[in-house]
Amino acid sequence: MNIYIFDMDGTLTLSRQKMSKDFSFRFLPWIKSHLAYLAAGSNYEKITEQLPPDVVSSFSGIYSSMGNVFHQKGKEIYRNEIKLNKELLRKLEAYRKNTLYEGEVFGNYLELRPGMLNFSVLGRSCPFAEREKYYQWDKINLERETIAKELNEEFSEYEVSLGGKISIDIVAKGCGKEQVARKIRELHPKDKIIFFGDKTLPGGNDYSLAKALFEVGNSQVVTVSSPEDVLKYLKI
Ligand code: M1P
């Protein structure tokens, strides 16, 4: 039997958007007849906002906050916490203050989730149009990539990666999505694992999971650019 793992933002949905009606119509019958897990950077609350309840309940388990929280049948099974270094927080404040982005910035730029911190210079409370505006600017100016590189060099106890469109995810070393590979391999020692993610290359927040799956063996990583790619690959 194959075991499937899906990232959420950029893979099953557009970043921070609800699963489209067409996608859920085609995906729901498929997931009901397969064994699948979710491995999202988002927290559980956002997952239940973005995915319809029958899709949520069809997963065999849901790993949220980069694998630091695990839910089964709507019940939280475990959660990890993260210790934040004051110097790291000071640095993040300085990035926000000294950004070269000239558009408006918004609140909730530091979002603490179980086992991780999500940082966005733009601020998570931005309207959707501003999210796209920053994303296009960042694609040219590589602000997030530069911040992640600098933080990874300076703070060896953390791992900093790019997830969605406006933010970066910070976890304690070894406490990112790679945890999911080991947990699922323990639950399913002999089955082939197939993982779908959009940020599976170095620097992306699916990379540690893709790498860990390679290490645990008998697995495959499918890199997608959109939910459409998932449907095409699954032929549904
Ligand atoms: O799951 C991918 C990412 O989705 C969101 O990213 P952004 O708001 O930058 O588009 C965040 O929830 C982020 O943590 C997560 O990794």
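Remember, it's 1-based here, ligands and their atoms both numbered in the order they're listed. What you see below is based on every heavy atom in this structure, not just the backbone, and it leaves out hydrogens, waters and symmetry mates.
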Can we call the ring centroids of His188 and Tyr37 under 6.0 Å apart?
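Between Tyr37 and His188, which both carry aromatic rings, the centre distance is below 6.0 Å.
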Give a yes or no on whether the ring-centroid distance for Phe6 and Trp30 is below 6.0 angstrom.
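That pair passes the under 6.0 Å test.
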Quick test: of every protein heavy atom, which one is nearest to atom 1 (O) of ligand 1, and how far off is it to 0.1 Å?
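Answer, as residue, atom name and distance: Asp9 OD2, 3.3 Å.
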Counting heavy atoms only, which of [options] is nearest [atom]?
| atom | options | value |
| --- | --- | --- |
| atom 12 (O) of ligand 1 | Ser42, Cys126, Gly10, Ser167 | Ser42 |
| atom 6 (O) of ligand 1 | Gly41, Ser64, Gly164 | Gly164 |
| atom 11 (C) of ligand 1 | Glu111, Lys46, Arg124 | Arg124 |

So, Asn2 versus Gln220: side-chain donor-acceptor pair below 3.5 Å or not?
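Per modelled atom types, Asn2 and Gln220 side chains form no pair under 3.5 Å.
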At the 4.0 Å heavy-atom cut-off, does Arg113 count as touching ligand 1?
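The answer is yes: ligand 1 sits under 4.0 Å from a heavy atom of Arg113.
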Looking only at heavy atoms of Lys199, does any of them come nearer than 4.0 Å to an atom of ligand 1?
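No; Lys199 lies far enough from ligand 1 that no heavy-atom distance drops under 4.0 Å.
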Stacked cation flag Lys183 on Tyr78, 6.0 angstrom / 45 deg
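Yes; both conditions hold, so Lys183 lies above the ring face of Tyr78.
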Do the rings of Phe59 and Phe27 sit parallel, tilted or perpendicular, given the 30° and 60° boundaries?
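Rings of Phe59 and Phe27: tilted, as their planes differ by 30° to 60°.
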Check ligand 1 against [X] and write out every atom of the ligand that is under 4.0 Å from a heavy-atom position of the residue.
| X | answer |
| --- | --- |
| Ile166 | 7 (P), 8 (O), 9 (O), 10 (O) |
| Asp169 | 13 (C), 14 (O), 15 (C), 16 (O) |
| Arg131 | 7 (P), 8 (O), 10 (O) |
| Gly163 | 2 (C), 3 (C), 16 (O) |

More than 12 heavy atoms of other residues, nucleotides or ligands under 6.0 Å from CD of Glu102: is that the case?
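It does not: Glu102 CD has 12 such atoms or fewer within range.
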Distance in Å, Arg26 CZ paired with Lys235 NZ, rounded so as to fall on 0.5 Å steps
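Answer rounded to 0.5 Å: 13.5 Å.
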